[in-house]
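Sequential numbering from 1 along the given sequence is applied to the chain's residues.
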Amino acid sequence: MAEEAPYRRIAAEIRERIVRGELGPGDRIPSTREITRDWGVAMATATKVINTLRDAGFVETRSGAGSVVIERSSPRVDTVVQHGLPPRAGGFHGSAEPRPRSGDTELTRDRVVRSAIAIADTESLSMLTMRRVAADLGVATMSLYRHVPGKDELIQAMLDTVLGDDPLPDEPPPHWRARLEAAARQMWHTFAAHPWAADSVSLTRPQFLPNLLPYSEWSLGALRALGFGVDEMMHIHLSLFGHVRASALNLSEEMRARDDTGVTNDEWADSHGSEIEALLAARPERFTGLRYVAEQGFDYDIEAVFEAGLRLLLDGVAAAVTRQEVSGDGQVDVSVL
């Protein structure tokens, strides 16, 4: 007899914990990262575990909570608990399509995109599949393709949507620094609200999305008015954008680590403090800077690091503007100074 697929075995173990009551209604089940760590499997396998449990009717997605056990009053779970059987054809042993829910037959592109955003927000982008979105909407997977060609196009639509939900003002601030600051902070706030979005934006292969283009125009328009050439414009623009994106990726990683371990960044640092001190004490003459920071203490705050980095970058732009004024290079629009 062929060995049972790892994802089915893990799903069965988590299912038994639910049936025994170890995981009750509303409890969060292990995340994909916890599954990869505790069972020693790949992320793709962990994703299959979550999808299998969801398809069988044991868990559902809740905003801000991820995948949680559904209420025992659900007929689907009652059937499983009483008879130990999958709630419908497919379940743990197949891939049957979900049946449309009452009132959910009116499918639109916006509903598909919004469902995908909710899944990515609560569970991460790695959990997003066309089949998962279809299950959330209670429709057949193939019906989604009438609205989006595929997953890549779906992610682009999701990114454009979240940027459009909180757009830049119609009129940019008149001063170049205020304009660049406003654009950077606006994108930062969008990425903070939707951690997956930063990973979906490319620096090397830019996406020409209707709600992303204004960010580039705010930056490049202000820099052009300052008299910078195209190379300087792009270097400054990409450095600012790269700082926002990198900061948001750090925020996303910290949020995932906190969800997976239940340990905050400060708690992690406290628990590893003795190890760090031992390493520094072994070579005190070599790590003078690190020893000073360790002795003084540093409250790591990603938001504060983002703001400090943004300030330093803009100070650098201001210094470059001054150099142009002294040398007389470029045609400066004094209205933006």
Side-chain angles (χ1 to χ4, degrees), residues 28 31-34 36-37 43 63-66 117-128 155 158-159 162-163 165-168 177-204 211-212 215-216 218-219 236-273 275-277 279-280 287 289-317:
R28 181 175 171 275
S31 68
T32 52
R33 286 178 177 266
E34 290 171 326
T36 59
R37 181 192 66 209
M43 182 63 73
S63 179
I117 291 171
I119 293 168
D121 282 350
T122 57
E123 301 179 44
S124 83
L125 202 61
S126 65
M127 293 294 292
L128 181 67
I155 293 174
M158 293 161 58
L159 179 59
V162 297
L163 289 169
D165 284 343
D166 194 14
L168 291 168
R177 182 160 186 146
R179 188 180 306 184
L180 296 182
E181 258 186 309
R185 287 204 180 97
Q186 191 83 349
M187 182 171 283
W188 163 256
H189 292 150
T190 295
F191 287 167
H194 307 280
W196 53 269
D199 199 30
S200 304
V201 182
S202 174
L203 279 170
T204 58
N211 292 314
L212 184 58
Y215 285 90
S216 297
W218 268 41
S219 175
I236 294 170
H237 169 60
L238 292 175
S239 294
L240 286 167
F241 174 72
H243 173 63
V244 177
R245 183 174 182 270
S247 298
L249 289 174
N250 287 334
L251 179 64
S252 176
E253 285 297 322
E254 168 59 18
M255 291 172 66
R256 280 198 292 266
R258 185 177 302 181
D259 287 343
D260 290 346
T261 65
V263 176
T264 67
N265 188 61
D266 287 340
E267 291 169 341
W268 181 91
D270 290 342
S271 67
H272 290 77
E275 300 173 30
I276 298 170
E277 290 176 4
L279 287 171
L280 297 180
F287 301 117
L290 285 170
R291 282 187 60 82
Y292 178 75
V293 172
E295 291 167 358
Q296 296 297 312
F298 174 68
D299 184 14
Y300 185 80
D301 184 315
I302 294 178
E303 179 91 28
V305 173
F306 165 75
E307 289 291 341
L310 179 60
R311 182 175 64 253
L312 289 170
L313 283 168
L314 294 176
D315 286 348
V317 177

Roughly how far apart are [X] [atom1] and [Y] [atom2], rounded to 0.5 Å?
X	Y	atom1	atom2	value
Thr190	Asn211	OG1	CG	10.0 Å
Arg245	Ser202	CZ	OG	7.0 Å
Leu168	Met187	CG	CE	8.0 Å
Leu212	Ser200	CG	OG	11.5 Å

I want to check something: taking the side chain as every heavy atom from C-beta on, are [X] and [Y] in contact at a cut-off of under 4.5 Å?
X	Y	result
Val162	Phe191	no
His194	Asp166	no
Asp315	Arg177	yes
Leu240	Leu314	yes
Val305	Ile302	no
Trp196	Asp121	yes

Q. Arg185 and Leu310: side chain to side chain contact (heavy atoms under 4.5 Å, CB included), yes or no, with the steps?
A. CA-CA 9 Å; Arg185 287 204 180 97; Leu310 179 60; 4.3 Å; yes
What are the two closest non-hydrogen atoms of [X] and [Y], and how far apart are they?
X	Y	answer
Ser239	Leu313	O-CD1, 3.9 Å
His243	Phe306	NE2-O, 2.9 Å
Trp218	Ala182	CZ3-CB, 3.8 Å
Leu180	Ser219	CD2-CA, 3.5 Å

Q: Any chance you could lay out the side chain to side chain contact (heavy atoms under 4.5 Å, CB included) test for Leu128 and Ile155, step after step, and finish with the verdict?
A: CA-CA 9 Å; Leu128 181 67; Ile155 293 174; 4.2 Å; yes
Q | Trace of the side chain to side chain contact (heavy atoms under 4.5 Å, CB included) decision for Val201 with Tyr215 | A | CA-CA 12 Å; Val201 182; Tyr215 285 90; over 6 Å; no
Q: Decide yes or no on side chain to side chain contact (heavy atoms under 4.5 Å, CB included) for Leu125 and Met158, but give the supporting numbers first.
A: CA-CA 11 Å; Leu125 202 61; Met158 293 161 58; 4.2 Å; yes
